[in-house]
Q: 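Got a structure for you, questions after.
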Protein chains: 2
Amino acid sequence: MSGFALVDIHERKCYDWLNVQLEGRAGDLLSSKPPTMREVADLAGVSVQTVSHVVNETGSIAAATRERVAQIIERVNYRPNLIARSMRTRETGLIGILVLDITSPVLSLIASEVEGVAYARGHKVLLYDARHDARLLRELLEQFAEQLVDGLIVVNAIDRGSTLPWLKASTIPTVLVDCLPNPTLASVAMDNERGAYLATEHLIELGHGRIAHISGDLTLEVARQRVLGYRRALTDHGLQANERVISPDSDRWDYRSGYVAMQELLARPPMPSAVFIAADQMAIGAQHALVEVGLKVPDDVSLVGFDDIDAASYAWPPLTTIRQPLTEIAARAFDLLSELLSGTVDPVKAQITLQPELVVRGSTRRIS
Amino acid sequence: MSGFALVDIHERKCYDWLNVQLEGRAGDLLSSKPPTMREVADLAGVSVQTVSHVVNETGSIAAATRERVAQIIERVNYRPNLIARSMRTRETGLIGILVLDITSPVLSLIASEVEGVAYARGHKVLLYDARHDARLLRELLEQFAEQLVDGLIVVNAIDRGSTLPWLKASTIPTVLVDCLPNPTLASVAMDNERGAYLATEHLIELGHGRIAHISGDLTLEVARQRVLGYRRALTDHGLQANERVISPDSDRWDYRSGYVAMQELLARPPMPSAVFIAADQMAIGAQHALVEVGLKVPDDVSLVGFDDIDAASYAWPPLTTIRQPLTEIAARAFDLLSELLSGTVDPVKAQITLQPELVVRGSTRRIS
DNA sequence: CTGAAAGCGCTTACAG
DNA sequence: CTGAAAGCGCTTACAG
């Protein structure tokens, strides 16, 4: 037991941290209001427009003046007021990302990746979360996105109801990611039908003849495209009579909905030997339902998911799935928005489709 | 095989959706600029301040006038410009939520829950994602949060470096969630030490004597508190000689870091019979490392996680863990912020601590 | 190279 | 009950 309590480098690091005191001094300024351009100008003995010019590096300012103003700015820690500036310039320098549900691992990852590119390119981003609520979505679009942001990236959120026509009529440059493909709005999307086709075909090639599909929320175009791909693969291999689609009882693509859907499938024999499931989280939930009744993956039933989220690799067995190139989706979306903002591209022509990829892991097996 | 392709209600629902056409008419207005209050006033034959009064329901306006103005507003779909309004009133009506990393399931869930309460109470929210980047965090705070938002809820993000003193010096009402407890800033936090204590004690009561701890990112106070709780439980039961802490090689509390940490533990025998892991995702990753080398949970080693995220219930075996009351955390945080905004509470007195709860599931077992 | 003027779209006193 | 005036903090022409 003596060797057991050994302190390795990690433990040492730990102790160091435990002793760290993060107190910090109070701020230098105790002013209750942030300084204004007027104050900087007075302090520097110049006019506000001179300050404005040095802040924005516009106009021509004498080096000495510039220097003096810069020092004051530094000293009082002046920052131009974005609201006032955008009131004049009619732009905020911000881009907005609106997601259907920030709680979804794939949507939050796309959002985060878009932020990554945006920051790398010197833009700032605001996140809007519609929380699956159509009314909220609409409000966000109308009241905030339109007024606060120069451009908008809408992730997975425009599919139902009246938001699409609204967006079309709106003047704010918008790119749709993972939404209803729409010929009049710039968009980047995955070839969902292809992904579903690849998943299903993989199962067919493994010898499976009875393949069911647990779909995503069918009010969303991406979910409908995935059932189309599944169906087409079946048809191409003469298996259309075996088609069987279970759609979940909720609009979340989460563990629970996959779990419940699989329970439904189990309740109505015969059981298929393989199931293609429209999302990885759902697939993991579905597997849970299987394991609960003593069925093993892939021994008793093969499973293929969709998305390739982190959890897929760490499930046991690791989940065979369809990888969405999220990083590329994000980069393309941002680039498209930049082009829209600079007017160098026509939205109608800006339709990007990215290809998914089959990742074979341990949840699928060949049957005889 | 005939019964196999049966069409149940779900399938029917699916077909319906597949046939749906979401075309939508173009918007009624093709104006390139949103209407201004000036335009509404002219159309209604009144002054802008009259329009302002009917929009804000201030002052006293003749019923007939109000009606006429309201109709114009409706007709041209006028919406007051938030930027202009906030320029005058010095407030935006928005609250900001700043999270360390929106990609984390627990942080995004807290954010989403806070949004839920905020919307229920008629507020709108903006999300800021620091992406684990201290510089970005600082920029967000200084340039955006301070100017765009009336109040701020900071989730898990203030712990290191210079942001804490900045926040103290700042005038924006702020509540800290899951951060370094700080006596001068309002905060709501979990009793992390207690949670860790409960987890460890549970293992001890099950007969485990050699219990290791895989910690979270120790630059974060919450992680340090959890090792403290683990340590105290050991000490209280005379097991302090068996203390063993492995800290991850990254600042993400993700699957991979738990996986890597467990591999480290495996590489340096003797193996403990139980491991308390600072986050559920890490626990699932850790289990993966175990299973890979043929060790079973809970037969060979018991695991307890922390957080009780969705994935915990759907892991196999279901993960024993410490539940964080996220919904309550969110509600308390928002309420605190409201009180701060209305000035009815003193930040120094506003320190809320919530209690965690042990959830026993299948990943822990009694040993002899 | 620098400053006086005008205005972005609102709201808040204040007259009438 | 309604409107003229002033101003929130900036930037953009335009003089000098």
Side-chain angles (χ1 to χ4, degrees), chain A residues 31-70 72-73 76-94 142-144 146-150 171, chain B residues 31-70 72-73 76-94 142-144 146-150 171:
Chain A
S31 66
S32 52
K33 293 287 158 221
T36 159
M37 189 177 270
R38 174 80 265 151
E39 285 161 37
V40 173
D42 290 348
L43 251 25
V46 296
S47 70
V48 289
Q49 26 284 74
T50 299
V51 177
S52 174
H53 280 135
V54 350
V55 167
N56 299 304
E57 303 182 353
T58 52
S60 37
I61 302 290
T65 313
R66 189 204 327 282
E67 188 51 32
R68 184 156 34 97
V69 173
I72 304 284
I73 287 177
V76 302
N77 196 23
Y78 167 75
R79 310 201 159 264
N81 182 312
L82 293 178
I83 301 235
R85 167 183 292 175
S86 77
M87 175 105 146
R88 262 295 343 212
T89 62
R90 330 281 299 137
E91 54 185 42
T92 58
L94 299 172
E142 290 190 349
Q143 297 190 23
F144 301 98
E146 186 164 41
Q147 300 187 350
L148 247 37
V149 126
D150 295 339
T171 55
Chain B
S31 66
S32 53
K33 294 287 156 222
T36 160
M37 190 176 269
R38 173 80 266 151
E39 285 162 37
V40 174
D42 290 347
L43 252 25
V46 296
S47 69
V48 289
Q49 28 283 73
T50 299
V51 177
S52 174
H53 280 136
V54 348
V55 167
N56 300 303
E57 303 183 354
T58 51
S60 38
I61 301 290
T65 314
R66 188 201 332 280
E67 188 52 33
R68 185 154 34 95
V69 173
I72 303 283
I73 287 176
V76 303
N77 195 24
Y78 167 75
R79 311 201 159 264
N81 182 312
L82 293 179
I83 301 238
R85 168 184 290 176
S86 76
M87 175 105 148
R88 262 297 340 212
T89 62
R90 331 280 302 140
E91 54 184 42
T92 59
L94 299 173
E142 290 190 349
Q143 298 190 21
F144 300 99
E146 187 164 42
Q147 301 187 349
L148 247 37
V149 125
D150 295 340
T171 55

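Sequence lines set the chain letters: A, B, ... in the order given, protein chains first and strands last, and positions in each chain run from 1. Note that the structure is a prediction, hence the values are computed from the model and not measured.
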Q: Hey, what do you get for CG (A:Leu148) to CG (B:Asn81), rounding to the nearest 0.5 Å?
A: 9.0 Å
Q: Indicate yes or no for a side-chain donor-acceptor contact from A:Gln147 to the backbone of B:Pro80 under 3.5 Å, with no hydrogens or angles considered.
A: yes
Q: Nearest 0.5 angstrom please: A:Ser47 OG to A:His53 NE2, how far?
A: 9.0 Å
Q: Identify the 5'-most and 3'-most nucleotides of DNA chain C with at least one atom closer than 4.0 Å to a non-hydrogen atom of chain A.
A: C:dC1 to C:dG9
Q: Strictly by Watson-Crick or wobble contacts shorter than 3.5 Å, is anything paired with C:dG16, and which nucleotide is it?
A: D:dC1
Q: Rounded to the nearest 0.5 Å, what separation is found between the CD atom of B:Glu142 and the CG atom of A:Asn77?
A: 6.0 Å
Q: Within this structure, what is the CE-CD1 distance for the pair A:Met37 and A:Ile73, rounded to the nearest 0.5 Å?
A: 7.5 Å
Q: Using a cut-off of strictly less than 4.0 Å between a heavy atom of the residue and any atom of DNA chain C, enumerate the qualifying residues of residues 57-68 of chain A by number.
A: A:Ser60, A:Ile61, A:Ala62, A:Thr65
Q: Would you say A:Arg68's side chain and A:Ala44's backbone share a donor-acceptor pair under 3.5 angstrom?
A: yes
Q: Which value, rounded to the nearest 0.5 Å, describes the distance between A:Gln49 atom CD and A:Thr58 atom OG1?
A: 11.0 Å
Q: With side-chain contact (heavy atoms from CB on, under 4.5 Å) as the test, pick out the partner of A:Ile72 among A:Val46, A:Val54, A:Leu43.
A: A:Leu43
Q: Determine yes or no for a side-chain-to-main-chain donor-acceptor pair under 3.5 angstrom, with B:Ser86 supplying the side chain and B:Leu82 the backbone.
A: yes
Q: I need the B:Arg79 CZ to B:Arg85 CZ distance, nearest 0.5 Å.
A: 11.5 Å
Q: Could you list by number each residue of residues 46-54 of chain B showing a heavy-atom separation from DNA chain D of less than 4.0 Å, or answer none if no residue does?
A: B:Val46, B:Ser47, B:Gln49, B:Thr50
